[in-house]
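A quick note: this is a predicted structure, and the numbers were derived from the prediction, not measured.
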Amino acid sequence: MVTGANSGIGRATAMAIAKKGGTVHMVCRNKDKAEEARVDIVNESGNMEVYIHIVDLSETRKVWEFAEAFKKQYPSLNALINNAGCMVHEREVNAEGLEKNFATNTMGVYILTQSLIPLLHKSRDPRVITVSSGGMLVQKLRVEDLMSEKGYFDGVMVYAQNKRQQVVLTQQWAKANPVIHFSVMHPGWVDTPAVSISMPQFHQMMGERLRSVEQGADTVVWLALSRAAARTKSGQFFQDRKPIPAHLPLAWTHSSTQEIQSFMTQLESLARAVQSQPDTEINGPLSPSTPQFV
């Protein structure tokens, strides 16, 4: 399963896995773009086992409903690639009152992964890869303001904070689920539509130094498929197929055990609040049962 699979690194990842004969579940927000990408992937790979699921990762309740329905439909999941992300420069909230960047980059990843862990356990070699960013190296986990309500709202910094949250999440998941191989990675600075739209000045400044989407996806695909990656320690931060430190030398970005525990507790509480909302749109057999969050 690849989220954000219709463009950029997600699309390159889906293409590479399809070419290697894997069944690919593309989780995308835009139906037209998803179908267009699927046609290209099927044509180029010759692999018909490519499926589309229309889900907006910023819609927290719907992410959970999708994951619960997916679990009922499929017997196992070999790899979950959390690639979808967003960088919103004005503070917005979703239907559940969660800030949009946090809802997509952190809460969507948390709920999707937590909900699918039982399905991953049914695979012989389960893996979860989350596409983070080197920007997280300048951020310390900020547990007292997950919704970015305090001070000046800077979309780039909020995004970087979410990416630090993904690194902490990966480390915690690895401890809690020793059977699954978890990793988080920095793809390098890649020439994607998301970068050109969200960070136009940076995109222009970097110019030809930006990597291609295939180069950006290389470590993702390696982490998802290779035997060598499975032999690495779970929970690490990768760049160019190598584990690298999740903190800069002498950095102030380390978190205490209490801060990490507070972060995980807040995520669990937010997830439970979303699940406990009355069912408004789903009835019948797809009505999800409450997953056990750890």
Side-chain angles (χ1 to χ4, degrees), residues 1-27 41 45 47 49-50 57 76-85 105-106 108-110 112-114 116-117 119-137 162-190 192 194 211-247:
M1 181 185 291
V2 185
T3 66
N6 60 272
S7 71
I9 293 167
R11 179 175 174 149
T13 299
M15 178 73 82
I17 293 172
K19 282 181 175 179
K20 289 180 185 292
T23 299
V24 180
H25 293 277
M26 302 171 63
V27 177
I41 290 168
S45 68
N47 184 347
E49 300 291 308
V50 182
L57 268 281
S76 69
L77 181 63
N78 297 324
L80 168 61
I81 297 167
N82 291 309
N83 164 73
N105 303 326
T106 303
V109 168
Y110 177 77
L112 185 62
T113 306
Q114 280 289 157
L116 293 176
I117 279 173
L119 203 58
L120 286 154
H121 273 294
K122 293 176 181 176
S123 168
R124 204 176 65 235
D125 180 20
R127 308 183 193 189
V128 176
I129 300 98
T130 300
V131 179
S132 182
S133 165
M136 70 91 200
L137 290 166
N162 297 158
K163 295 296 165 178
R164 168 61 71 187
Q165 291 164 354
Q166 290 177 348
V167 171
V168 173
L169 259 179
T170 298
Q171 292 164 343
Q172 296 308 301
W173 275 326
K175 288 177 189 171
N177 304 278
V179 174
I180 302 171
H181 189 277
F182 287 88
S183 52
V184 59
M185 58 80 69
H186 173 37
W189 303 110
V190 180
T192 65
R211 294 180 169 192
S212 70
V213 288
E214 288 77 19
Q215 288 170 324
D218 175 75
T219 296
V220 184
V221 177
W222 179 79
L223 285 165
L225 302 181
S226 79
R227 288 181 184 173
R231 289 194 291 268
T232 63
K233 186 183 171 206
S234 184
Q236 296 189 98
F237 183 60
F238 283 82
Q239 184 174 353
D240 296 333
R241 299 192 180 189
K242 294 182 179 69
I244 62 168
H247 301 274

Original post:
Are the side chains of Pro187 and Val220 in touch, meaning some heavy atoms are under 4.5 Å apart?
Top reply: no
Original post:
With sequence neighbours left out, what residues match Thr130 under side-chain hydrogen bond (donor to acceptor under 3.5 Å, both in side chains)?
Top reply: Asn82
Subject >> Heavy-atom pair of closest approach, residues Trp173 and Val109 >> reply: CH2-O, 3.8 Å
Original post:
Taking C-beta and beyond as the side chain, do Arg127 and Leu223 meet within less than 4.5 Å on heavy atoms?
Top reply: no
Original post:
Is there any side-chain hydrogen bond (donor to acceptor under 3.5 Å, both in side chains) pair reaching into residues 233-245, and which pairs are they, with sequence neighbours excluded?
Top reply: Arg211-Asp240, Asp218-Arg241
Original post:
If you round to the nearest 0.5 Å, how far is CE of Met136 from NE2 of His186?
Top reply: 9.0 Å
Original post:
Just wondering, do Gln166 and Asn162 contact through their side chains at under 4.5 Å, heavy atoms?
Top reply: no
**OP:** Apply salt bridge (Lys or Arg N to Asp or Glu O under 4.0 Å) to Arg11 and list each qualifying residue two or more places apart in sequence or on a separate chain.
**Re:** Asp40
Original post:
Residues in side-chain contact (heavy atoms from CB on, under 4.5 Å) with Arg231, at least two apart?
Top reply: Arg227, Ala228
Original post:
Counting only N and O atoms by type, is there a donor-acceptor contact under 3.5 Å from the side chain of Asn177 to the main-chain atoms of Val179?
Top reply: no
Original post:
Does any donor atom in the side chain of Thr232 or His181 lie under 3.5 Å from an acceptor atom in the other side chain?
Top reply: yes
Original post:
Which atom names give the shortest non-hydrogen contact between Ser132 and Val184, and what distance separates them?
Top reply: CB-CG2, 3.4 Å
**OP:** Could you tell me which residues satisfy ring pair (Phe, Tyr, Trp, His ring centres under 6.0 Å) with Phe237, sequence neighbours excluded, listed by chain and number?
**Re:** none
Original post:
With Asn78, which residues qualify under side-chain hydrogen bond (donor to acceptor under 3.5 Å, both in side chains), at least two apart?
Top reply: Ser123
Subject >> Contact summary for Thr13 and Ala217, nearest pair of heavy atoms >> reply: OG1-CB, 3.4 Å
**OP:** Check Thr3 against Ala84 and note the closest heavy-atom contact, atom names and distance.
**Re:** OG1-N, 2.8 Å
Original post:
What distance separates Asp125 CG from Leu225 CG, expressed to the nearest 0.5 Å?
Top reply: 9.5 Å
**OP:** Look up atom OG1 in Thr113 and atom CG in Leu80, then write down how far apart they are to the nearest 0.5 Å.
**Re:** 4.5 Å
Original post:
Taking only residues two or more places apart in sequence, or in another chain, which ones meet Asn83 in a side-chain hydrogen bond (donor to acceptor under 3.5 Å, both in side chains)?
Top reply: none
Original post:
Once you round to the nearest 0.5 Å, how far does CG of Leu120 lie from CZ of Phe182?
Top reply: 7.0 Å
**OP:** Under the ring pair (Phe, Tyr, Trp, His ring centres under 6.0 Å) rule, collect the residues that match up with His121, sequence neighbours excluded.
**Re:** none
Original post:
Does some side-chain heavy atom of Met1 sit less than 4.5 Å from a side-chain heavy atom of Ile81?
Top reply: no
Subject >> Which atom of Ala14 lies closest to which atom of Ile41, heavy atoms considered >> reply: CB-CD1, 3.8 Å
Which donor-acceptor pairs under 3.5 Å do side chains of residues 16-27 form with protein atoms, sequence neighbours excluded?
{"residue": "Lys19", "atom": "NZ", "partner": "Glu44", "partner atom": "OE2", "Å": "2.8"}
{"residue": "His25", "atom": "ND1", "partner": "His53", "partner atom": "NE2", "Å": "2.9"}

Original post:
For Ser76, which residues count as a side-chain hydrogen bond (donor to acceptor under 3.5 Å, both in side chains) partner, sequence neighbours excluded?
Top reply: none
